[in-house]
Structure formats: structure tokens, C-alpha cells
Amino acid sequence: IASRFVILSKQVSTGHAFCLILRLSGTGISSMINAGLLPVLTRKDGYNDIGVESFTCIDFADISHQRLFVDLASAMLDWDVNEQPVFTGMSADKLAKQLQSDHKASIEQCVNALKQTQQGYSKPRFLLFIDRLEVLLSSAVFSDDERDAFLGVIDKLAARGAIIVVSACRNDFYSLVVNYPSLMVNK
């Protein structure tokens, strides 16, 4: 896990915080994220000036056709700063539409919310953990256009200095991962 912190710190410093973790099936990556990475990043002093103000998770095993952005938005609605929601007054449907048509507005809301943090992190961030990315990449339920649009938004979220995206994917799907340049950034 120590190497993940070094990689993540470098990614935050370069302005593109997307960490893809390739793993063997059943190796406990979700447990490593939930019991190792998150507790360190959410503690009072964070890690290397990076602190996670709020985090959420989406699991592609639970996402169905035509709900990619609604489920992403639903997860992001869980983010808060000082117990105040980041996306006040927004529904999952409204945020999903905003993510697709004006992702910059969504990111700006995150940036503004992080300015209000009382945690004292010098690099406060939100964290989005995407589990079982291989489902998105391989399932016939999702079209190539849906995959491209979703991964494009995820890439933009990770590249704006407010959100850390960590994703887990089984390594036997690596041949699909390489087809998406946004997943290969920092590799």
C-alpha cells in the first residue's frame, strides 16, 4: 500500500489524480482501499499534505444500463464539506445531466466547496472509488459511446485538482484497459 501513496501523491502534484489499480480477482483490493488508503487520507493530517474531505464509491456490479451517469451523480451527492452537501438542491438526475453537458460546473462546485474546509489540509480533495471497472469495459450492456462518455467525464474529474479517482480493475481485462487513453495516463 505504501507504493500507492507515493503514486497518488505524485499524481496529485501533477494535477491528474487518477489511480488505476489492476488486480487479480479475489485479492482484496476493495478492502485495501477501505481499510488502508481511506483511513490514512481522511485522518487529520492526511498524507503528504493531501487530505480527503469526503469520499464515495460506485461498484459497476451494481450499475445497470442507462444509469451510468445517474449512479455516478448519486455517489457524488454523498460528498460534503463541514457537514454541508457539495451539490445542495440537486437531484441525481440533474447532476447527471450537468456532468454530461457542463462537467466544468460540477467541478467548480467541488472546488468551491473544498475552499470551505475546516480540516486544515493543504491539498483537500474528494475521492471517488470506482470498483469493478472491468464490468464497464467488458459488458455488452454498455455501448462504446457510453463507455467513452463516462470515462471522458471521469478523466476530467481527475484532472481538475479537486477529485481523486481510484479505480480497481481485474488485470485479466488489461487488454481492454489499453484501448482507453484516459485509463493509461500516468502508467
Side-chain angles (χ1 to χ4, degrees), residues 1 3-23 29-30 32-34 36-42 46-48 50-63 68-81 86-87 95-96 98-100 103-111 113-114 121 123-137 142 146-171 173-174 176-187:
I1 190 148
S3 65
R4 297 289 170 209
F5 285 111
V6 172
I7 291 167
L8 190 60
S9 181
K10 182 179 176 185
Q11 290 176 340
V12 167
S13 294
T14 62
H16 194 273
F18 178 85
C19 185
L20 177 62
I21 302 171
L22 295 168
R23 55 162 170 74
I29 246 351
S30 298
M32 188 265 294
I33 299 296
N34 291 315
L37 192 68
L38 285 173
V40 172
L41 291 174
T42 57
Y47 173 81
N48 202 20
I50 302 164
V52 169
E53 180 70 33
S54 189
F55 63 90
T56 192
C57 174
I58 58 174
D59 187 336
F60 273 105
D62 300 328
I63 296 178
L68 279 174
F69 285 97
V70 172
D71 288 341
L72 172 61
S74 293
M76 291 172 65
L77 286 173
D78 288 341
W79 286 339
D80 65 78
V81 173
V86 173
F87 300 102
L95 181 55
Q98 180 176 293
L99 286 166
Q100 293 173 83
H103 64 274
K104 289 180 183 178
S106 302
I107 294 167
E108 190 63 29
Q109 285 174 272
C110 292
V111 169
L114 288 171
Y121 302 130
K123 297 176 187 173
R125 300 291 189 272
F126 296 106
L127 189 137
L128 171 65
F129 174 44
I130 302 172
D131 203 2
R132 296 181 239 229
L133 183 65
E134 66 271 7
V135 175
L136 173 68
L137 301 179
F142 305 112
E146 288 173 308
R147 286 183 192 98
D148 289 341
F150 186 84
L151 292 172
V153 168
I154 294 300
D155 183 57
K156 288 173 179 73
L157 293 176
R160 299 291 190 247
I163 302 163
I164 296 169
V165 179
V166 178
S167 186
C169 181
R170 287 185 14 216
N171 62 0
F173 288 87
Y174 186 73
L176 297 175
V177 169
V178 298
N179 293 322
Y180 297 93
S182 65
L183 298 178
M184 299 303 293
V185 173
N186 297 324
K187 294 285 172 253

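Treat the numbers as computed from the prediction; the structure is a model and nothing was measured.
- The nearest pair of heavy atoms linking Tyr121 to Gly46 is CE2-N, 3.9 Å.
- In this structure, Ile130 CD1 and Ile21 CD1 are separated by 11.5 Å, a value rounded to the nearest 0.5 Å.
- Annotation: side chain of Leu22 is not in contact with side chain of Phe173 (no heavy-atom distance under 4.5 Å).
- With hydrogens and angles disregarded, no donor-acceptor distance shorter than 3.5 Å links the side chain of Tyr174 to the backbone of Cys169.
- Across all non-hydrogen atoms, the minimal contact from Ala159 to His16 is CB-CD2, 3.4 Å.
- Minimum heavy-atom separation, Phe150 to Leu68: CE1-O, 3.8 Å.
- Between the SG atom of Cys57 and the CG atom of Asp62 there is a distance of 8.5 Å, given to the nearest 0.5 Å.
- Scanning all heavy atoms of the two residues, the minimum distance from Val177 to Leu137 falls at CG2-CD1, 3.7 Å.
- Residues Leu38 and Phe129 fail the side-chain proximity criterion, which asks for heavy atoms closer than 4.5 Å.
- Residues Val6 and Tyr47 meet the side-chain proximity criterion, which asks for heavy atoms closer than 4.5 Å.
- Note: Asn179 CG to Met184 CE = 9.5 Å, rounded to the nearest 0.5 Å.
- No donor-acceptor distance shorter than 3.5 angstrom exists from the side chain of Ser182 to the backbone of Gly152, with no hydrogens or angles considered.
- Pairs passing the salt bridge (Lys or Arg N to Asp or Glu O under 4.0 Å) check and including a residue from residues 146-171, sequence neighbours excluded, read Asp144-Arg147, Arg170-Asp172.
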| message | side-chain contact (heavy atoms from CB on, under 4.5 Å), that's the test. Do Phe18 and Ile154 meet it? Break it down for me. | response | CA-CA 9 Å; Phe18 178 85; Ile154 294 300; 3.9 Å; yes
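- A donor-acceptor pair under 3.5 Å is formed between the side chain of Ser74 and the backbone N or O of Val70.
- Summarising the geometry, atom CD1 belonging to Ile163 is positioned 4.5 Å from atom CG belonging to Leu157; distances are rounded to the nearest 0.5 Å.
- With contacts defined as side-chain heavy-atom distances shorter than 4.5 Å, the pair Asn48/Val12 does not qualify.
- Going from atom CD1 of Ile164 over to atom CZ of Phe55 covers 12.5 Å, rounded to the nearest 0.5 Å.
- Looking at residues two or more places apart in sequence or on another chain, you find no side-chain hydrogen bond (donor to acceptor under 3.5 Å, both in side chains) involving Thr56.
- Residues Cys110 and Ala162 come closest through the heavy atom pair CB-CB, 4.1 Å.
- The salt bridge (Lys or Arg N to Asp or Glu O under 4.0 Å) pairs that include a residue from residues 125-134 are Arg23-Asp131, Arg23-Glu134, Asp59-Arg132, where partners are two or more places apart or lie in different chains.
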| said: Could you walk me through whether Ser106 and Leu95 satisfy the side-chain contact (heavy atoms from CB on, under 4.5 Å) test, starting with their C-alpha distance in whole Å, then the side-chain angles of each, then the deciding distance to 0.1 Å, before giving a yes or no? | reply: CA-CA 8 Å; Ser106 302; Leu95 181 55; 3.7 Å; yes
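- You'll find the side chain of Thr42 stays beyond 4.5 Å of the side chain of Leu127, heavy atoms only.
- The structure places CH2 of Trp79 at 11.5 Å from CD of Gln109, a figure rounded to the nearest 0.5 Å.
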| field | Leu136 and Leu151: CA distance, side-chain angles, deciding distance, side-chain contact (heavy atoms from CB on, under 4.5 Å) verdict | value | CA-CA 10 Å; Leu136 173 68; Leu151 292 172; 3.9 Å; yes
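- Residues Leu8 and Ile50 approach most closely at O-CD1, 4.4 Å, considering heavy atoms.
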| said: As a quick check of understanding, evaluate side-chain contact (heavy atoms from CB on, under 4.5 Å) for Leu72 and Ile63, giving each step before the final call. | reply: CA-CA 9 Å; Leu72 172 61; Ile63 296 178; over 6 Å; no
